[in-house]
**Student:** 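Below is one structure. I have some questions about it.
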Amino acid sequence: MTNSICGIDCGQCSVKDNCAGCEAISRDGCVIAACCRNKGYEACHKCDGACLLKERLIAEFNALGIDDMAEITDLNALSGSYINLEYALPSGQAVRLLNDKKVYLGSQVHKENSNRCYGLAADENFLLVCEYGENGCDAEIVLYKKRGAGLD
């Protein structure tokens, strides 16, 4: 597979063999490709390296004020199939909140004074912050928030 339309090297992706490819993902839901195409660009690198959606999501994550979460300085393109953790609801029902076929913007940061991590995922519609142990075990939803209307 060649580089994606947003400039990411797909050859470095751990799920490249199970990926439908950039054109299919952009139809199914690549948040980066959608952002670029909405601006009339074929690739984010034509936006002078600045992705407005990414910048807004970073600001929104930092504005949440979550204790023990380091400042977010960057977000990465992440496959839904890689980050779609299972959460146990109080009723005992297990749920997954993400779509395996989508690409989200997100990151992982260590929780201060803990051996757990915060996992962040977002698209044009929501922010998700979860907390989990090693290899995503014991995942808990910290925040699932709908983003405001009119945002990229």
Side-chain angles (χ1 to χ4, degrees), residues 1-39 41-45 47 51-62 64 66 69-70 72-111 114-152:
M1 188 180 296
T2 61
N3 283 351
S4 63
I5 61 172
C6 65
I8 293 172
D9 182 3
C10 293
Q12 302 299 314
C13 180
S14 63
V15 296
K16 67 179 183 264
D17 295 334
N18 296 320
C19 178
C22 200
E23 288 303 314
I25 287 193
S26 65
R27 283 191 304 273
D28 291 338
C30 175
V31 66
I32 299 168
C35 178
C36 292
R37 287 198 171 133
N38 288 341
K39 293 183 181 78
Y41 300 119
E42 280 299 307
C44 279
H45 60 80
C47 302
C51 176
L52 294 177
L53 175 62
K54 185 175 174 179
E55 291 173 6
R56 286 182 179 167
L57 291 172
I58 290 170
E60 289 176 37
F61 277 123
N62 286 325
L64 295 173
I66 295 174
M69 187 170 84
I72 306 306
T73 59
D74 196 16
L75 296 173
N76 304 298
L78 301 170
S79 168
S81 63
Y82 183 71
I83 61 172
N84 197 6
L85 300 177
E86 190 171 275
Y87 305 96
L89 298 179
S91 67
Q93 178 185 7
V95 297
R96 293 180 186 265
L97 300 176
L98 304 179
N99 181 333
D100 285 350
K101 294 182 179 181
K102 282 189 69 171
V103 174
Y104 299 91
L105 284 168
S107 186
Q108 173 182 287
V109 294
H110 289 287
K111 182 176 179 179
S114 175
N115 61 352
R116 292 176 63 81
C117 294
Y118 285 116
L120 313 174
D123 69 8
E124 61 280 357
N125 299 312
F126 73 90
L127 299 175
L128 171 65
V129 180
C130 65
E131 180 185 321
Y132 48 82
E134 188 173 342
N135 296 319
C137 72
D138 300 321
E140 300 174 14
I141 299 168
V142 174
L143 176 129
Y144 186 83
K145 179 181 177 182
K146 183 176 178 179
R147 294 183 67 231
L151 297 173
D152 289 335

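Just so you know, these numbers use all the heavy atoms, side chains as well, and skip hydrogens, waters and symmetry mates.
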**Student:** Would one find more than 12 heavy atoms of other residues, nucleotides or ligands at under 6.0 Å from atom CD of Glu134?
**Tutor:** no

**Student:** I'd like to check Gln108 versus Tyr132 (side-chain heavy atoms, cut-off strictly below 4.5 Å). Are they in contact?
**Tutor:** yes

**Student:** Closest approach of Ala121 and Ile83, non-hydrogen atoms and distance?
**Tutor:** CB-CD1, 3.8 Å

**Student:** For the residue pair Ala122 and Leu127, what are the closest heavy atoms and their distance?
**Tutor:**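 That would be CB-CD2, 3.7 Å.
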
**Student:** What's the spacing between Glu86 CD and Leu97 CG if we round to 0.5 Å?
**Tutor:** 10.5 Å

**Student:** With sequence neighbours left out, write down each residue that passes side-chain contact (heavy atoms from CB on, under 4.5 Å) with Leu120, or none if nothing qualifies.
**Tutor:** Phe61, Met69, Ile72, Ser107, Val129

**Student:** Where do Asn84 and Asn99 come nearest, in terms of heavy atoms and distance?
**Tutor:**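 In terms of heavy atoms, the two residues are closest at ND2-N, 4.3 Å.
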
**Student:** Give, for atom OH of Tyr104 and atom CG of Leu98, the distance between the pair rounded to the nearest 0.5 Å.
**Tutor:**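 If I round to the nearest 0.5 Å, the distance is 4.5 Å.
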
**Student:** Can Gln93 and Tyr87 be counted as having a side-chain donor-acceptor contact under 3.5 angstrom?
**Tutor:**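 The answer is no; no qualifying pair exists.
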
**Student:** Quick one: closest heavy-atom pair of Tyr118 and Glu131, and the distance?
**Tutor:**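 Heavy atoms of Tyr118 and Glu131 come nearest at CE2-OE1, 4.1 Å.
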
**Student:** Looking only at non-hydrogen atoms, find the nearest pair between Gly133 and Arg116 and report the distance.
**Tutor:** N-NH1, 3.4 Å

**Student:** Go through Lys102 and Asp123 one step at a time and tell me if the side-chain contact (heavy atoms from CB on, under 4.5 Å) criterion holds.
**Tutor:** CA-CA 9 Å; Lys102 282 189 69 171; Asp123 69 8; 2.8 Å; yes

**Student:** Under 4.5 Å between any side-chain heavy atoms of Leu143 and Leu128, yes or no?
**Tutor:** no

**Student:** Considering only heavy atoms from C-beta outward, does the side chain of Leu105 approach that of Asn76 to under 4.5 Å?
**Tutor:**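 No, their side chains stay 4.5 Å or more apart.
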
**Student:** What's the shortest heavy-atom distance between Leu85 and Cys130, and which atoms?
**Tutor:**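 Residues Leu85 and Cys130, closest heavy atoms: CD1-SG, 4.1 Å.
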
**Student:** Using 4.0 Å as the upper bound for N to carboxylate O, is an ion pair formed by Glu60 and Arg147?
**Tutor:** yes

**Student:** May I ask you to say whether Asp74 pairs ionically with Lys54, meaning some side-chain N is under 4.0 Å from a carboxylate O?
**Tutor:**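 Yes, charged N to carboxylate O under 4.0 Å.
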
**Student:** Does Asn135 use its side chain to pair, donor to acceptor, with the backbone of Cys137 at less than 3.5 Å?
**Tutor:** no

